[in-house]
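All of these numbers come straight from a predicted model, not from anything done at the bench. Each chain gets a letter, A, B and so on, in the order its sequence line appears, and its residues count up from 1.
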4 protein chains.
Amino acid sequence: MDSNTNLSADKRAQILAGAAAVFAADGYEGASMARIALVAGVSKGTLYNHFDSKAALFTAYVGEKCDLYLAHVFDGTGHEGDPAEVLRGIGKRMMQMMLSDVGLAIYRVVIAEAAKFPDLARGFFESGPARAVGFMADWLAEETRRGRLAVPDPAFAAEQFFNLCQTRLVLRRKLEMLPDPPETDIEEVVEAAITMFLGTYRA
Amino acid sequence: MDSNTNLSADKRAQILAGAAAVFAADGYEGASMARIALVAGVSKGTLYNHFDSKAALFTAYVGEKCDLYLAHVFDGTGHEGDPAEVLRGIGKRMMQMMLSDVGLAIYRVVIAEAAKFPDLARGFFESGPARAVGFMADWLAEETRRGRLAVPDPAFAAEQFFNLCQTRLVLRRKLEMLPDPPETDIEEVVEAAITMFLGTYRA
Amino acid sequence: MDSNTNLSADKRAQILAGAAAVFAADGYEGASMARIALVAGVSKGTLYNHFDSKAALFTAYVGEKCDLYLAHVFDGTGHEGDPAEVLRGIGKRMMQMMLSDVGLAIYRVVIAEAAKFPDLARGFFESGPARAVGFMADWLAEETRRGRLAVPDPAFAAEQFFNLCQTRLVLRRKLEMLPDPPETDIEEVVEAAITMFLGTYRA
Amino acid sequence: MDSNTNLSADKRAQILAGAAAVFAADGYEGASMARIALVAGVSKGTLYNHFDSKAALFTAYVGEKCDLYLAHVFDGTGHEGDPAEVLRGIGKRMMQMMLSDVGLAIYRVVIAEAAKFPDLARGFFESGPARAVGFMADWLAEETRRGRLAVPDPAFAAEQFFNLCQTRLVLRRKLEMLPDPPETDIEEVVEAAITMFLGTYRA
DNA sequence: AATGAATGAGTTTTCATTCAT
DNA sequence: CATGAATGAAAACTCATTCAT
């Protein structure tokens with residue numbers, strides 16, 4: 001029975017992998033269940049044995065990506081040491097994620113379908129941005145207690161920092177004007193964000 | 001003869017108005033020509049007498065919005081007086097536009113279809129963000145010459161300011177988590193952006 | 001008023017010229033009134049001022065071609081002199097017509113639409129094949145009276161001769177397997193037809 | 001599993017039967033997929049599960065008719081005995097085929113669409129006329145070797161014979177002027193063709 | 001649980017025809 | 001009489017979903 005469960009879970013994962021490829025490439029409306037079945041290597045009927053509808057499959061796809069991809073951006077990130085160094089690590093990881101193919105694909109599809117799938121939009125927000133902001137806000141509060149920084153509203157400041165880090169690169173990438181942003185550009189932008197951020201919030 | 005021209009232009013405008021409503025509500029793929037015809041109050045055939053295809057209609061819709069809406073955000077904006085005051089005007093106008101229903105709808109649909117319509121994405125960028133950044137960068141350069149500010153890279157600084165202004169409100173609005181952002185919130189966020197911006201770039 | 005009539009007749013001829021080009025290229029179903037209007041250089045409305053419907057325009061086109069093109073294949077053909085020589089002239093003219101672009105186009109379109117436009121099919125038959133057969137049958141009857149030939153059923157014999165002349169070339173041309181049949185091939189085939197024909201019907 | 005295969009093949013055959021009826025009645029352009037689905041007793045979707053497009057269905061229809069209908073006209077035809085008798089059998093079978101409803105329908109539609117489907121036209125030629133000519137040419141060559149006939153160019157002579165056999169009946173049938181040609185007419189025409197043919201080619 | 005054939009409503013697009021100017 | 005915008009029915013084709021095997 002365990003093997004049975006595994007088999008079933010495997011099929012589910014197999015379908016989700018196909019769905020991920022197709023939804024990322026074609027968007028929600030542009031994706032067809034036939035194509036997902038083809039890419040996943042199963043029949044159309046099997047799709048419906050595992051997911052009630054196209055919308056349910058889409059929801060599961062986005063939910064999975066949010067859990068497995070966005071959610072772990074900061075897992076294991078140390079927040080000890082010099083504030084500038086910590087900000088550098090946070091900023092770079094965040095930007096690498098936002099500029100990656102997968103990160104971009106989820107963002108695109110969630111923004112496009114936010115009106116149709118509001119729960120998904122909220123789920124995306126909470127597994128991704130909200131989690132990152134929460135993590136960083138906690139750290140800012142601690143540094144403020146320690147006297148190294150002076151941040152009156154840590155959550156707001158965290159959001160400011162993430163917005164600053166997106167300068168120049170993120171919008172252009174979303175508009176397909178920047179196929180492959182180089183590492184050095186990210187570092188430059190993050191450095192400028194750190195300078196401005198500490199210029200305001202250093203104790 | 002004038003009436004003839006007006007009639008034709010009127011129909012075109014009528015169709016574009018219907019298209020705007022439907023594309024904004026349903027996105028490109030989600031919109032159907034039948035529904036656009038219904039909302040515009042014309043027959044499907046008339047749609048095709050004025051626009052060659054759905055893609056052409058979509059292109060005309062986005063192009064029009066970029067020209068008539070985004071492009072005029074800064075028309076007539078004075079850039080005299082105290083830097084903080086000028087930044088306040090720029091920031092507020094920009095945020096009002098980005099958070100408006102029309103601004104949001106264009107952003108959503110352009111981001112979603114950037115891969116399929118790269119020219120549109122570039123057109124959006126150039127009529128909207130690039131124009132705003134260019135306007136602000138010119139002003140920053142002038143203030144630097146005057147000795148009131150010290151901005152080494154005006155275009156980059158302008159993008160930083162716009163990103164700062166988006167804190168807290170814009171992403172939540174895109175995700176349908178903030179149906180109607182109040183004026184006071186915008187002012188608060190812009191004020192914080194001005195503080196941080198001048199903390200770095202004041203002479 | 002005469003000028004008026006002429007103007008009107010000119011427009012009619014202009015429309016028919018456009019219709020001829022389009023029907024020949026695209027067939028009846030494949031032709032569109034919009035394209036005919038374009039090629040004829042008039043508006044769609046003008047088409048309907050001169051012809052009641054697409055079917056009427058088609059009928060007029062085929063009728064005109066039958067009258068002006070098929071009907072005059074034998075005008076001015078002398079039927080004096082050596083029977084072989086007369087047969088040679090008749091056979092060659094007939095084959096040149098059947099293998100020409102215009103002749104082929106009419107045949108194709110009349111055959112394709114014979115079920116839908118039976119009157120047209122009969123009209124085609126009578127202006128074209130029947131006329132040729134009648135002309136030749138008269139000549140065969142006269143030669144029989146003169147004692148140079150012995151043809152018991154002149155109309156039947158005439159049809160036999162035309163069928164013989166089509167050997168090898170006509171079907172292949174109808175099937176687009178012979179874009180441009182050379183003159184010498186026609187002569188060869190006609191010669192063989194004459195030999196066989198006279199082998200049977202010479203007095 | 002056999003039943004499965006049969007089910008699928010049955011549906012295909014069922015669709016082809018419907019397509020045959022509609023294409024024969026309306027031609028390629030005049031036929032609609034909706035009507036074919038209706039006549040075949042399946043849904044439009046099922047049509048597209050079995051054939052990629054209208055053109056593919058048409059190609060399959062013509063190909064099937066050429067294979068199953070034209071190709072077997074001469075199967076089992078004995079070519080022993082008196083030449084006149086053999087010619088009589090060949091001529092009658094050929095004419096019965098050309099004057100039949102199915103034979104006429106394929107001819108009509110292939111001629112009409114030869115420009116659009118050149119491969120089909122060639123396929124028609126090779127399964128039908130070319131095969132008949134080849135068969136008869138072989139027999140003529142053998143009779144020439146045996147000394148009963150004297151045919152210098154057997155393929156050309158075969159085509160002459162088939163053209164002669166079409167006298168009076170075939171064109172009129174194609175033009176819908178002869179709904180149902182009686183057997184006796186065919187015999188008469190074929191007899192005349194044999195007379196003329198042997199008048200030239202008898203040893 | 002897996003399959004894939006069948007469905008029919010829905011999509012974009014074309015077209016013959018009409019009519020106000 | 002010429003125009004060309006407007007129409008709506010019909011075309012080819014797609015797709016999410018169901019269901020018998």
Side-chain contact check for Val42(A): nearest option of dT3(E), dC15(E), dT17(F) is dT3(E)
Exercise. With a non-hydrogen cut-off below 4.0 angstrom, is Lys54(C) in contact with a base, only sugar-phosphate, or nothing?
Worked result: sugar-phosphate
**Asked** Yes or no on salt bridge (charged side-chain N to carboxylate O under 4.0 Å, His left out) for Glu29(C) and Lys116(C), after CA distance, side-chain angles and deciding distance?
**Response** CA-CA 11 Å; Glu29(C) 303 275 2; Lys116(C) 210 173 185 176; 2.9 Å; yes
In Watson-Crick or G-U wobble terms, with both distances under 3.5 Å, the base opposite dA10(F) is dT13(E)
When both distances are under 3.5 Å in a Watson-Crick or G-U wobble arrangement, the nucleotide paired with dA20(E) is dT3(F)
Whole-Å distance, Asp26(B) CG to dG10(E) P, equals 15 Å
Q) Are any side-chain N or O atoms of Gln14(B) and backbone N or O atoms of Ala40(B), one a donor and one an acceptor, separated by less than 3.5 Å? A) yes
- Query: Less than 3.5 Å between a donor and an acceptor, one on the side chain of Asn49(B) and one on the base of dA5(F), is that the case here?
  - Reply: no
From NZ of Lys11(B) across to P of dG4(F) the rounded distance in Å is 18 Å
Per nearest nucleotide of DNA chain E, the residue lying toward the 5' end, Lys44(B) or Ser43(D), is Ser43(D)
From CG of Asp10(D) across to P of dA6(E) the rounded distance in Å is 10 Å
Just N and O in the side chain of Thr46(B): are any of them under 4.0 Å from OP1 or OP2 of dT7(F)? yes
Q.
Please determine whether a side-chain nitrogen of the Lys or Arg among Arg108(C) and Glu113(C) lies less than 4.0 Å from a carboxylate oxygen of the Asp or Glu.
A. no
Rounded to whole Å, the CD1-C1' distance (Ile15(A) to dA16(F)) equals 15 Å
Taken to the nearest whole Å, CZ/Arg12(C) to C1'/dC1(F) is 16 Å
Tyr28(C)/Phe117(C) aromatic ring centres below 6.0 Å: yes
When rounded to whole Å, the CD to P distance for the pair Glu29(A) and dC15(F) reads 11 Å
Under-4.0 Å side-chain N/O to phosphate OP1/OP2 contact, Tyr48(B) with dT13(E): yes
For a quick check of understanding: with a heavy-atom distance under 4.0 Å over all strands, which category does Ala31(C) fall into, base, sugar-phosphate or nothing?
sugar-phosphate
Closest to the 5' end of DNA chain F, once Leu47(B) and Met33(D) are matched to their nearest nucleotides, is Leu47(B)
In short, Lys65(A) meets Ala20(A) closest at the heavy-atom pair CE-CB, 4.0 Å
Between CD1 of Ile36(A) and P of dT14(F) the distance, given in whole Å, is 17 Å
Here the distance between atom C1' of dA16(E) and atom CZ of Phe58(C), to the nearest Å, is 16 Å
### side-chain N/O His50(B) vs dA6(F) OP1/OP2, d < 4.0 Å
yes
